[in-house]
Amino acid sequence: MDLLLKNATYIDWKTLEFSSRNILVREKVSSLQFISDSDTGAVDRDIEIIDCSGRLVTKSFAVGHHHAYSALSRGMSAPKESPQNFHEILKYVWWTLDKCLDPAMIESSALVTAMACLKAGSTFVIDHHASPFAVKGSLEIIAKAFEKVGVSHLLCYEISDRDGVHVAREGLSETDRFLRDHQGLVGLHASFTVSDRTMVKAVDLMKRYNTGIHIHVAEDAYDQGQSLNKHGRRVIQRLEKAGVLSSPKTLLVHCLHLDENEKEFIRNSPAWVVQNCESNLNNNVGYFNGAGLGENIMLGTDGMHSDMLRSARAAFFTGQRYDNITYESAYRRFRNVHRYLSENSFEGDGDNNLVILDYDSPTPFSHENFFGHFLFGITSNHITDVISNGKLVMNNRKIMTVDENEILGESREQAERLWSKMQQDS
Ligand SMILES: [Zn+2]
């Protein structure tokens, strides 16, 4: 059903202009229609009217890098052996977890992630998935779960040789199968777990489907060390030589440990960088600095959570010491994901994706001081309603598309199953 948002304070997410609007939102039409007060009576009877008096309406958000597969990890026990570095964090925690995932757990992870995204105002997710012992069909499970909740997506399977040639081959096949019918990317875990042979095959897929590679890059100095030892060149030189950087759809995630030459390669390429500040803090791998990386920088959550406002704030605060970030560039990085999606003609992020916020500011709020409110005032707690592709998917903080309690109840059961499986396997 079409929607009429009456008496809204609309903030244009590009110009940051504030205006009083009645907004007509349609499912089939991605652009918005503004109508005058006198014409609101003339709209179709078959329309849902939402009174937005005193509330803000603006474009919804999108997650530049997520891992729905990690959703069931929250609150699980620490690994038996305590990780001492980044590679051990992967081995003892994430690579133990992802090997235990089965289709039911993958589905639960995707459903709760999609719900968390909507609650935090995101209607589009770029996800990087791994389940080495349940590869086949995993992307379809995630796609269906996201769509059921009302979240658009750009998915990929995290192809890697870390579990042997057979699993790497399965990752390539799953990618090939999924890309035949869906928009998506070709996922690679990271340079240090991908052989030259697998890299070539992944880039072939990327070219065949005219898409990009989605890969973790220099998250830790370990990635660089391995690249130099095994391949005789640094990570970005290796990726560049393989053709990864040639696509404007390619996502280079993290990019912490790069030298000036590598930054120049990225700056002069059409590829994008995705910053995930809180994950870097948690893994104690270093600090992101956007200086020298060009303008194509966006933000993600790296599976830590699903709240992009939080990611923007963390990037800004951490950046005070380690980055060249400003109020304005923090906002620009937060919104750059829309530029990435639209410039590459990905579907699902049109203008009919909106959030409604109940933000009763104690101080004046306008075009002039927007950034101050963006970084120090507005949180996901202010989001009351979310519209995804013209459809009201969250109303008064309640998700309309699925039964939240049922999904959370199921995910708690799946989490217990996962945790006990991990105990047996580790
Ligand atoms: Zn990641």
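Predicted, not measured: the structure shown is a model, and the values here were computed from it. When a ligand or atom number is given, it counts from 1 through the structure's own listing order.
- Sorted by first and then second residue, the pairs that involve residues 246-267 and meet ring pair (Phe, Tyr, Trp, His ring centres under 6.0 Å), not counting sequence neighbours, are His216-His254.
- A salt bridge does not link Arg233 to Glu240: none of the charged nitrogens lies less than 4.0 Å from a carboxylate oxygen.
- Annotation for Glu17: atom CD counts as buried by contact number, over 12 foreign heavy atoms lying within 6.0 Å.
- Around the Zn ion (ligand 1), the protein atoms of type N, O or S that sit closer than 2.8 Å are His65 NE2, His67 NE2, His216 NE2, Asp302 OD1.
- Applying the 6.0 Å contact sphere to NE2 of His166 captures no more than 12 heavy atoms from other residues, nucleotides or ligands.
- Listed by chain and residue number, Glu343 satisfy the salt bridge (Lys or Arg N to Asp or Glu O under 4.0 Å) test with Arg339 (two or more places apart in sequence, or in another chain).
- For residues 124-135, the side chain to side chain donor-acceptor pair (under 3.5 Å) pairs, not counting sequence neighbours, are His128-Glu158, His129-Ser131.
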